[in-house]
Every structure is written in C-alpha cells, then in structure tokens.
Novice: 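Supplied in structure tokens, the structure appears directly below.
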Amino acid sequence: MSTFPDQFRLDGRTALITGSGRGLGWEMAKGLAEAGARVLLHGRDRARLAPRLAELQAAGFAADALAFDMADRAAMQAEIARAPAIDILIHNVGERDRRSFLEIDHDDFARLIDIDLVAAHALVKLLVPGMIERKWGRLILVTSIVADLAIPNASSYTAAKGGLTSLARALAAEFGATGITSNALAPGFFATETNQRMIASPSGEHHRARSPAKRWAKPSEIAGAAIFLASPAAAYVNGHTLVVDGGVSATYLS
Ligand SMILES: NC(=O)c1ccc[n+]([C@@H]2O[C@H](COP(=O)([O-])OP(=O)(O)OC[C@H]3O[C@@H](n4cnc5c(N)ncnc54)[C@H](OP(=O)(O)O)[C@@H]3O)[C@@H](O)[C@H]2O)c1
C-alpha cells in the first residue's frame with residue numbers, strides 16, 4: 001500500500017482534460033502531467049493545441065491531443081475511439097452567455113445547455129464502460145459557484161452548471177460500487193484569459209473586493225484540487241462539490 005505523498009501521484013493513469021488549450025483546463029493538464037499522468041489535451045482545433053502539446057512533451061511529459069467540438073457527437077466518438085484508455089476525465093469545457101434572460105431565445109438556451117451539460121452526458125457515457133471494466137475511474141465535472149449562487153445575465157450558464165453538479169452526484173450514486181468516483185469542481189473568480197476584460201472593469205473590481213482573499217485567483221490555483229480529486233488519496237470522496245473560491249461562497253459580506 002502506498003503512503004503519502006505517493007497517494008497524490010497519478011503515474012500509470014491517462015487523463016483527458018476537455019478545453020485544455022488555455023485557462024483552467026491548461027493549468028489542470030499541466031498539474032496532472034506533473035503528478036505523473038499521461039495527459040490528453042483537448043479543444044476544437046488541433047493546430048491551436050499544438051504549442052501546448054509541444055510544451056508538455058518538451059518538459060518530458062507523456063501527452064497527446066484530441067480535437068472535437070462538444071456539439072459534434074460523431075467527432076467526439078471518433079476521437080475517443082482512437083484515444084488510449086482514459087482513467088480520469090476532467091470535463092472542463094463550459095461556454096458562457098452573458099446576455100439577459102429576455103435576450104436569450106429558446107434555441108440559444110438549448111444550445112448552451114447542449115454544450116455545457118448534455119455533451120457531458122455523451123462523453124461520460126463513452127468513457128464509463130472502460131472504467132467499469134478496469135475497476136477504476138475518476139469523473140471530475142468542472143461547474144462553478146454560480147450553480148448555487150445565481151448572478152444576473154447568466155441564466156443558461158447557471159442552469160447548465162446546476163445540472164452538471166447534479167449529474168456529478170447522480171453518477172456518484174450510480175457508479176459508487178464500481179471503483180469510479182464522480183465529483184464536481186466549482187471555481188470562483190479566476191484571472192483567466194477569458195476574464196481579462198471583466199477584471200479590468202468596475203464589475204471585476206467588485207468581484208475582487210467581494211472575495212475574502214481580496215484578489216482574483218491565479219489560474220494555477222485550480223490544479224491542486226483537480227490533482228486531489230483525481231488521485232488515489234480521494235478514493236472515498238464521491239458525489240462532492242469541491243469549491244475553490246477563496247471563501248466567496250462561504251461569506252455574505254467580506
Ligand atoms: N475562469 C473562471 O473564473 C471560472 C469560474 C467559474 C467556472 N469556470 C469554469 O471553468 C471552466 C474553464 O473556464 P476557462 O475560463 O478557463 O475556459 P475558457 O477559456 O472559456 O475555455 C476553455 C477551452 O474550452 C474550449 N472550448 C470552448 N467551447 C468548446 C466546444 N464547444 N467544444 C470543445 N471545446 C470548447 C476552448 O478551446 P478552443 O477554443 O481551442 O476550442 C478553450 O480553450 C469552464 O467550464 C468555466 O465555466 C471558470
């Protein structure tokens with residue numbers, strides 16, 4: 001039996017991190033590679049992933065890349081079919097729609113729910129049979145603190161993330177006896193590329209001041225939580241939402 005800190009190592013495991021060409025996905029991919037996992041990067045465009053893949057390989061890590069749009073289930077299936085056996089899924093793709101409720105029509109709402117929630121069902125369905133066969137698996141669904149704490153102008157995103165949190169719990173209930181764990185990972189305010197414009201705005205300053213830490217999180221600060229949930233150390237952590245928000249959702253005023 002391995003001892004600490006070896007129980008946080010991921011040697012011999014293969015991890016797919018969706019949406020890992022930039023932002024939190026990239027930081028989690030790097031972290032998992034450093035913890036010993038073979039990492040499969042993912043995005044819509046293989047060429048965009050190439051420099052990231054080269055960076056991992058140059059550092060001596062085992063890595064490859066899969067390219068498919070979450071909306072294209074046939075491409076998803078084909079890419080997963082040609083990939084090595086996947087032990088760890090970090091499902092990190094999450095598109096946003098920052099318009100008001102009345103501006104989002106039925107098709108827009110349905111499209112975002114499809115990308116952010118229904119596609120997760122499709123991907124998990126492709127991976128779980130192999131995990132059951134190998135009696136080991138980690139499903140980590142990246143949600144958001146908005147799943148529990150709503151904000152205006154994010155209705156479809158909020159609904160999708162709430163659904164994803166519930167899906168993580170449902171998978172925990174269904175596969176708990178198979179060696180698979182399923183958890184949600186809920187980030188707070190992270191200073192990713194996508195958020196740079198907002199950080200510089202009055203709303204960004206409000207977010208900073210709202211945080212007990214009085215700062216936005218560095219993107220790399222998500223990686224430790226992802227490694228933990230993926231690791232042997234978290235074998236009995238199942239159906240949980242691990243919030244990484246510097247205390248935002250624990251507080252009313254800060
Ligand atoms: N940043 C935060 O503060 C924060 C807070 C709470 C929750 N989150 C959640 O954390 C996750 C990552 O956020 P982020 O800001 O780091 O991500 P991001 O920069 O918005 O996107 C990450 C990647 O997702 C890929 N992607 C987007 N749509 C896709 C699609 N339809 N099919 C396949 N790939 C797609 C993009 O790759 P390509 O463009 O190369 O295809 C992109 O590199 C999201 O689920 C987000 O909701 C983030």
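All values derive from a computational prediction rather than experimental measurement. For ligands, and for the atoms within them, numbers begin at 1 and follow the listed sequence.
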Novice: Tell me which donor-acceptor pairs under 3.5 Å the side chains of residues 167-180 have, and how far apart each pair is, sequence neighbours excluded?
Specialist:
from	atom 1	to	atom 2	distance (Å)
Thr178	OG1	Phe175	O	2.6
Thr178	OG1	Ile180	N	3.4

Novice: Working to the nearest 0.5 angstrom, can you tell me the gap between Arg52 CZ and Lys30 NZ?
Specialist: 7.0 Å
Novice: One pair to check against side chain to side chain contact (heavy atoms under 4.5 Å, CB included): Arg96 and Thr194. What are the steps and the verdict?
Specialist: CA-CA 10 Å; Arg96 301 162 179 83; Thr194 307; 3.8 Å; yes
Novice: What pairs of residues pass the side chain to side chain donor-acceptor pair (under 3.5 Å) test when at least one of them lies in residues 72-84, not counting sequence neighbours?
Specialist: Arg46-Glu79, Arg73-Asp114, Glu79-Arg82
Novice: Got a salt bridge between Arg111 and Asp97, using NZ or NE/NH1/NH2 to carboxylate O under 4.0 Å?
Specialist: no
Novice: Not counting sequence neighbours, list each pair that qualifies as a ring pair (Phe, Tyr, Trp, His ring centres under 6.0 Å) and has a residue in residues 47-70.
Specialist: His42-Phe68
Novice: For ligand 1, give me the residues whose heavy-atom distance to it is below 4.0 Å, by chain and number please.
Specialist: Gly19, Arg22, Gly23, Leu24, His42, Gly43, Arg44, Arg48, Phe68, Asp69, Met70, Asn92, Val93, Gly94, Glu95, Arg96, Ile115, Val142, Thr143, Ser144, Tyr157, Lys161, Pro187, Gly188, Phe189, Phe190, Thr192, Thr194, Asn195
